[in-house]
A.B. asks: 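Input: one structure, supplied below.
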Number of protein chains: 2
Amino acid sequence: MANSDPGSIQVIDRLTALLEAIARHRDPVSLKVLAADTGLHPSTAFRILAAATENGLVAREGTGYRLGIRLLQLGSRVASHQDLRRAARPLMEALRDGIGETVNLTVRQGDEVVYLDRALPERMMRVEQRIGSRAPLHVTAVGKLMLGEAGEAACRDYARRTGLPGYTRYSFTDEEELVQHVSGCLRSGFAYDDEEAETGVGCIGVLVHDDAGNIVAGLSISAPIERRREEWVERLKDAGRELELRLG
Amino acid sequence: MANSDPGSIQVIDRLTALLEAIARHRDPVSLKVLAADTGLHPSTAFRILAAATENGLVAREGTGYRLGIRLLQLGSRVASHQDLRRAARPLMEALRDGIGETVNLTVRQGDEVVYLDRALPERMMRVEQRIGSRAPLHVTAVGKLMLGEAGEAACRDYARRTGLPGYTRYSFTDEEELVQHVSGCLRSGFAYDDEEAETGVGCIGVLVHDDAGNIVAGLSISAPIERRREEWVERLKDAGRELELRLG
DNA sequence: GCGTAATATTCCGCAATACGCAATCGATTT
DNA sequence: AAATCGATTGCGTATTGCGGAATATTACGC
């Protein structure tokens with residue numbers, strides 16, 4: 001039998017699955033668990049992990065495995081949007097210091113937003129998105145704006161394609177309502193996320209454009225819903241505008 | 001012929017080499033260049049890159065390749081020293097804001113220090129180490145302290161093992177001098193790096209210990225040598241002590 | 001401290017996998 | 001329009017990685 005999918009190498013798929021599996025766990029993971037999680041034969045998992053360890057992608061801690069420091073290096077070198085992150089960072093930190101809540105930088109990738117960077121406040125209860133993690137467009141403030149700018153047709157397309165899965169009881173799951181809501185957000189130049197992705201979490205988002213008017217990124221504030229304040233909208237918009245200037 | 005090295009999987013070695021090669025370049029890299037850099041047959045490189053792209057480890061930009069966003073995610077999940085980074089981050093930012101220079105968090109790995117995190121000041125000229133990058137112990141402030149704490153014998157061992165390669169004309173390349181210098185640093189509880197790693201760059205470093213007295217990390221300030229100030233030593237020591245408290 | 005169970009690691013023969021050649025496709029240049 | 005250069009794909013083959021079983025190591029119960 002030939003390759004099931006040309007453009008796919010078994011070992012690389014398996015390696016990725018293993019890395020993912022390790023990443024899902026907080027503490028070092030045993031071979032057995034990893035083999036079970038990925039459905040690989042322990043012996044196979046072992047050999048792949050050993051090779052990955054050789055290459056620093058994985059490290060051993062006692063008898064278990066954790067992600068290797070080389071991934072830190074590679075992660076920090078992901079050049080994609082590097083300029084963007086660099087330009088945004090000080091603005092994000094300033095905004096975070098001003099309001100005392102988490103500030104996120106996101107970009108669109110397919111039907112999701114990806115968290116590129118964030119600035120975390122120094123307080124016990126805060127909202128924290130992991131860098132590199134994803135969320136569907138229709139349950140995030142920035143994502144809804146992106147849907148809005150893409151136009152009604154594209155938004156409806158998205159709705160049908162994804163089926164608008166609900167995450168909380170506040171998520172939009174109806175195409176008509178979403179389209180309606182999204183165009184409203186677009187007009188006001190910002191969007192709220194009212195516990196649509198996770199109960200108790202509220203966001204405010206704005207878009208960042210380049211000179212040509214294309215969407216470059218989204219900037220958002222995430223906070224426990226009861227701490228969120230109206231006034232932040234203007235500050236967030238200012239930060240967005242400032243970022244556009246710095247990129248232009 | 002059997003595997004040259006059991007515990008090594010060809011594809012994974014090659015994948016890692018390709019990722020490294022991509023990371024070395026700033027802009028998207030063409031297949032040809034990657035194949036040349038890694039010595040792989042273009043067709044082989046292509047297939048591996050295609051598989052890596054499927055898995056999000058690599059992304060395409062036009063006709064070239066760049067590191068994929070999944071590496072961001074994996075990099076951010078490197079659990080190793082996560083608590084440390086988390087605890088150190090606010091202290092580092094405060095210190096950076098106080099003195100206006102780069103603050104680094106490092107750990108030892110073998111004969112090198114690895115940069116775990118850093119806080120960058122908002123100014124045009126600044127020293128910037130990439131997260132995940134490495135430097136030999138004997139040309140960094142923190143590294144010299146680590147050598148000191150390891151004891152004279154271990155330090156001499158290190159000297160012979162590595163041959164003390166020089167990076168600038170100020171690097172220590174003589175075992176005797178290094179041992180001497182290092183024990184001096186240890187006594188004073190901090191170390192300078194006077195353009196020993198890179199001409200024009202000066203550092204100050206301190207060590208961070210856990211309750212049991214083991215070295216957990218190093219904290220350092222990097223600045224253009226002519227901007228470096230004596231006063232920073234105490235502030236850095238304070239930050240180190242504060243971090244020890246927070247970890248304890 | 002010993003026996004036992006549970007994992008981790010190594011060995012090995014087999015065949016599926018990934019390799020490299022060569023041919024095709026596509027873009028860019030002259 | 002031809003030619004050149006790089007990216008991509010198909011294909012037969014040898015190598016590589018596979019998984020079962022054997023062995024080592026660790027953890028645990030008694």
Side-chain angles (χ1 to χ4, degrees), chain A residues 1-68 79-80, chain B residues 1-68 79-80:
Chain A
M1 210 170 296
N3 259 349
S4 46
D5 175 8
S8 169
I9 292 181
Q10 200 185 44
V11 189
I12 294 182
D13 295 348
R14 292 173 165 184
L15 170 65
T16 311
L18 283 167
L19 292 177
E20 274 290 302
I22 298 176
R24 270 196 297 275
H25 296 264
R26 205 158 272 231
D27 299 312
V29 205
S30 74
L31 177 65
K32 190 183 183 210
V33 170
L34 289 175
D37 280 12
T38 54
L40 293 174
H41 192 284
S43 142
T44 304
F46 175 79
R47 250 174 310 103
I48 295 176
L49 288 167
T53 307
E54 283 291 304
N55 286 288
L57 301 174
V58 162
R60 313 223 42 171
E61 187 159 324
T63 176
Y65 296 88
R66 54 174 179 72
L67 296 182
S80 153
Chain B
M1 211 169 295
N3 259 347
S4 46
D5 176 7
S8 170
I9 293 182
Q10 200 185 47
V11 189
I12 293 182
D13 295 348
R14 292 175 166 184
L15 170 65
T16 312
L18 282 167
L19 293 177
E20 275 290 301
I22 297 177
R24 270 196 298 275
H25 295 264
R26 204 159 273 230
D27 299 312
V29 206
S30 72
L31 176 64
K32 192 188 182 199
V33 170
L34 289 175
D37 280 13
T38 54
L40 294 174
H41 193 283
S43 140
T44 304
F46 174 78
R47 253 172 304 102
I48 295 177
L49 288 167
T53 306
E54 283 292 303
N55 286 289
L57 301 174
V58 162
R60 311 223 43 170
E61 188 160 323
T63 177
Y65 296 88
R66 55 174 179 71
L67 296 182
S80 150

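Chain A is the first sequence line, chain B the second, and so forth, proteins listed ahead of strands; every chain is numbered from 1. Atoms considered below: every heavy atom in the structure, side chains included; atoms not considered: hydrogens, waters and symmetry mates.
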A.B. asks: Under 4.0 Å between a side-chain N or O of B/T44 and OP1 or OP2 of C/dC19?
C.D. replies: no

A.B. asks: Look at the side-chain N and O atoms of B/Q10 and state whether any lies under 4.0 Å from the OP1 or OP2 oxygen of C/dA18.
C.D. replies: no

A.B. asks: How many angstroms lie between CD in A/E20 and CG in B/N55, if you round to the nearest 0.5 Å?
C.D. replies: 9.0 Å

A.B. asks: Excluding sequence neighbours, so at least two apart, what forms side-chain contact (heavy atoms from CB on, under 4.5 Å) with B/R66?
C.D. replies: A/S80, B/A59, B/E61

A.B. asks: Using a 4.5 Å cut-off on heavy atoms from C-beta on, say whether the side chain of A/R14 contacts that of A/T38.
C.D. replies: no

A.B. asks: Enter the distance from A/E54:CD to B/T16:OG1 here, rounded to the nearest 0.5 Å.
C.D. replies: 10.5 Å

A.B. asks: Under the rule for side-chain hydrogen bond (donor to acceptor under 3.5 Å, both in side chains), what residues qualify as partners of B/S43, not counting sequence neighbours?
C.D. replies: B/R47

A.B. asks: Mind calculating the distance between CZ (B/F46) and P (C/dA23) to the nearest angstrom?
C.D. replies: 19 Å

A.B. asks: Dump the pairs, protein N or O against N or O of nucleotides 22-29 of chain D, anything under 3.5 Å, distances to one decimal.
C.D. replies:
none

A.B. asks: Using atom names, set out every protein N or O paired with an N or O of nucleotides 26-30 of chain C below 3.5 Å, distance rounded to 0.1 Å.
C.D. replies:
none

A.B. asks: To the nearest 0.5 Å, tell me how far B/R24 CZ sits from B/D37 CG.
C.D. replies: 6.0 Å

A.B. asks: Round to a whole Å and report the spacing from OH of B/Y65 to C1' of D/dT8.
C.D. replies: 9 Å

A.B. asks: Of all heavy-atom pairs between A/A35 and A/P42, which one has the smallest distance, and what is that distance?
C.D. replies: CB-CA, 3.9 Å

A.B. asks: Return the 5'-most residue of the pair A/V11, B/R60 with respect to DNA chain D, ranking by each residue's nearest nucleotide.
C.D. replies: B/R60

A.B. asks: Nucleotides 12-14 of chain C: which of its N/O atoms have a protein N/O under 3.5 Å away?
C.D. replies:
none

A.B. asks: Have a look at B/L49 and tell me which of B/L19, B/L15, B/L31 forms a side chain to side chain contact (heavy atoms under 4.5 Å, CB included) with it.
C.D. replies: B/L31

A.B. asks: C/dA22 P sits how many Å from B/H41 NE2, rounded?
C.D. replies: 8 Å

A.B. asks: May I have the distance from B/I48 (atom CD1) to D/dT16 (atom C1'), rounded to whole angstrom?
C.D. replies: 12 Å

A.B. asks: Considering all heavy atoms of both residues, which atom of B/L67 and which atom of B/A23 are nearest to each other, and what is their separation?
C.D. replies: CD1-CB, 3.9 Å

A.B. asks: Of all the heavy-atom pairs spanning A/I22 and A/Y65, show the shortest one and how long it is.
C.D. replies: CG2-O, 3.9 Å

A.B. asks: So does B/S43 reach the base of C/dC21 with its side chain, donor to acceptor, closer than 3.5 Å?
C.D. replies: yes

A.B. asks: Nearest-nucleotide wise, let me know which of B/V33 and B/R14 is further upstream toward the 5' end of DNA chain D.
C.D. replies: B/V33

A.B. asks: Return the value, rounded to whole Å, for the distance between atom CG of B/L31 and atom C1' of D/dC5.
C.D. replies: 12 Å

A.B. asks: If you pin A/P42 and A/I12 to their nearest nucleotides in DNA chain C, which one's is more 5'?
C.D. replies: A/P42

A.B. asks: Using five base pairs at each end to define the local axes, how bent is the helix from C/dG1-D/dC30 to C/dT30-D/dA1, to the nearest 10°?
C.D. replies: 50°

A.B. asks: Determine, stepwise, if the pair B/L40 / B/L18 fulfils side-chain contact (heavy atoms from CB on, under 4.5 Å).
C.D. replies: CA-CA 9 Å; B/L40 294 174; B/L18 282 167; 4.0 Å; yes

A.B. asks: Separation of A/I9 atom CD1 from C/dA16 atom C1', in whole Å?
C.D. replies: 14 Å

A.B. asks: Could you give the CG-to-P distance, from B/L40 to C/dA18, as a whole number of Å?
C.D. replies: 15 Å

A.B. asks: Rounded to the Å, how far apart are A/L18 CG and C/dA8 P?
C.D. replies: 13 Å

